[in-house]
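Below, all heavy atoms of this structure are taken into account, side chains as well, without hydrogens, waters or symmetry copies.
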Amino acid sequence: MNDDTASISDRYEPAAVEARWYPVWEKNGYFRYELPSKKKPFCIVMPPPNVTGALHMGHALDMSLQDLVIRMKRMDGFNTLWQPGTDHAGIATQVVVERQLASEGKTKDDLGRDEFLRRVWRWKEESGGTIIRQLKRLGASCDWSRERFTMDAGLSRAVREVFVRLYKGKLIYRDDYIVNWCPRCQTVLSDLEVEREERDAEFVYIKYGPLTLGTVRPETKLGDTGLAVHPKDKRYKKYVGKTLDIPSVDGTIRVKVVADAAVDPQFGTGVIKVTPGHDPVDFEIGRRHKLPIRTVIGFDGKMTEAAGRYAGMDRFETRKKIVEDMQALGLIERIEPYRHAVGVCYRCKTVVEPLVSKQWYVNVKPLARKAVSAVRTGKIRIIPRSWTKTYDHWMKNIRPWCISRQLWWGHRIPAWYCERDGSLHVSTTDLAACPTCKGPVRQDPDVLDTWFSSGLWPFSTLGWPDKTPELKMFYPTSLLVTGYDILFFWVARMAMFGVHVMRQVPFRDVYIHTLVRDPEGQKMSKTKGNVVDPLVLMDKYGTDALRRAECPRCPHHRGPDRGLPQLRQQALERLAARAVQPRGLRCAHRAP
């Protein structure tokens with residue numbers, strides 16, 4: 001037996017094979033597209049993972065599905081592009097770097113904005129590419145020569161261009177409005193960035209003169225400027241329009257009783273207190289009836305000077321204290337246990353505080369109408385079709401999108417204020433002076449919501465606003481594969497921006513897959529300890545084993561030595577060829 005024969009292993013060693021062959025594929029450009037080309041184009045844009053992220057089972061599922069389709073189309077002779085990249089993840093990245101600074105006994109304010117941003121970029125270059133290396137380990141056959149980052153110069157240029165166009169088209173504006181504020185992250189959050197958690201609380205029934213009402217937030221009583229009842233509620237008809245003098249913890253206060261259809265006469269006593277500065281529904285009621293706004297909770301989560309003797313106290317401490325004080329004054333009728341959904345920050349889990357603040361908004365209703373029409377007319381197909389109804393419902397009820405964030409990391413809003421006359425100017429290029437009076441200017445300190453830039457992803461990554469050969473070849477893209485959890489965060493916004501800016505849909509098909517969960521059906525979380533690390537599985541069993549799908553209900557595939565069946569090839573072929581409408585990917589034995 002010669003030495004070469006003796007060196008051959010008697011079993012397949014995936015780690016050795018994978019480590020050897022992937023660099024060969026990349027070096028020889030097997031994943032690259034062709035230009036010019038007479039082949040039919042096929043393009044998938046990768047949902048850009050956060051630059052702070054690490055590979056998890058959700059990524060493994062999502063990327064494996066995309067890779068399977070792109071490899072099949074490549075073998076079928078298409079000119080394929082799987083466009084990769086990462087997202088700058090505004091809040092998440094800033095939190096990571098701020099934690100590093102905290103370990104050194106520093107804050108971002110100690111460094112200043114410019115030095116802090118240099119620190120973030122340095123972190124991104126050193127540690128931010130972790131997930132890209134892990135995607136290569138997964139075997140993702142992207143054209144890595146085209147890797148993009150949402151803060152790249154080209155993509156940043158696209159962001160400014162779209163912002164200015166929308167502003168000039170009266171679709172971007174500034175307004176004082178109630179927002180979701182995170183006291184920990186010190187920034188506004190969109191409705192989609194607020195998670196709901198079921199929590200136990202107390203429903204406190206408070207006497208308001210001749211009326212009684214219930215609330216779970218008695219600390220906001222200090223900001224009440226009205227009471228509201230339903231217009232058809234006969235019980236309280238005689239009070240509507242009157243101003244009542246009501247005993248309170250700080251003496252007598254005056255509140256006006258209004259009738260508004262937003263009040264549910266079946267909830268509590270049918271009377272609600274109106275605190276326009278600290279509740280979205282109350283804010284709208286206050287606007288309709290011209291009630292004043294009194295802000296009693298600040299952006300730090302503590303009571304303001306307007307809260308009187310409670311000023312400076314934490315909002316939750318005040319909640320306990322004010323109930324005790326009202327009980328002493330005989331203003332509490334009763335207290336009942338209550339369970340309700342509380343809004344928390346999706347990043348740090350701090351309870352969100354509704355506050356009135358001047359922010360930048362996009363009037364998305366005109367954009368949403370076009371995006372809904374694109375789905376209804378079949379220009380965009382959502383697969384499975386059941387998600388179309390969910391998409392339609394959300395788009396029809398869409399609210400103005402708050403796009404400003406009180407962060408330093410991100411695309412800074414391209415708006416400048418004249419120090420001399422207070423005028424506002426937006427521009428795709430930096431302004432050194434006021435365009436009208438030549439006076440000094442200051443740029444808006446806020447940055448844009450991360451999803452604003454990622455909403456441009458299908459065309460900004462292809463070189464827009466320049467008319468590049470890639471944009472001409474691959475836009476609209478062919479297929480988007482993503483989980484249902486970002487249908488509104490990302491898919492809907494890409495549809496709105498694509499149709500409005502490019503006058504074409506950003507993709508033809510959208511395949512929505514489920515999330516990877518644990519055996520109890522819970523979403524995987526490091527906090528819960530139910531995470532399965534795909535890197536560990538790949539090290540142990542090889543990448544191919546991880547990338548195959550198991551059918552949990554098919555007896556043929558049970559047992560440790562049976563192996564894992566592949567996703568049914570026919571279903572994927574039909575999906576890629578857009579021949580039929582599949583109901584989902586199933587095992588060849590058709591177990592659901």
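- Sorted pairs that involve residues 120-130 and meet salt bridge (charged side-chain N to carboxylate O under 4.0 Å, His left out), not counting sequence neighbours, are lacking altogether.
- Taking the side-chain contact (heavy atoms from CB on, under 4.5 Å) definition, one finds that P469 meets it with L35, sequence neighbours left out.
- With sequence neighbours left out, the side-chain contact (heavy atoms from CB on, under 4.5 Å) criterion links V375 to I380, I382, T388, Y391.
- Between F489 and Y346, the ring-plane angle classifies as tilted under the 30° and 60° cut-offs.
- Of the charged side-chain nitrogens involved, none lies within less than 4.0 Å of a carboxylate oxygen, so that E115 and K108 do not count as a salt-bridged pair.
- A salt bridge is defined here as a Lys NZ or Arg NE, NH1 or NH2 lying under 4.0 Å from an Asp or Glu carboxylate O, and D446 with R405 fails to meet this definition.
- Using a cut-off of 4.0 Å between Lys/Arg side-chain N and Asp/Glu carboxylate O, D533 and K540 are scored as not salt-bridged.
- Between C182 and C348, the closest side-chain pair of non-hydrogen atoms falls below 4.5 Å.
- In this pair, W409 and H88 present their aromatic rings perpendicular. The plane angle is above 60°, beyond the 30 to 60° band.
- Ring orientation note: the planes of F163 and Y167 are close to parallel, at an angle under 30° on the 30°/60° scale.
- At distances below 3.5 Å, not a single donor-acceptor pair connects side-chain atoms of D466 with backbone N or O atoms of T468.
- Going from atom CD of Q83 over to atom CZ of R146 covers 4.5 Å, rounded to the nearest 0.5 Å.
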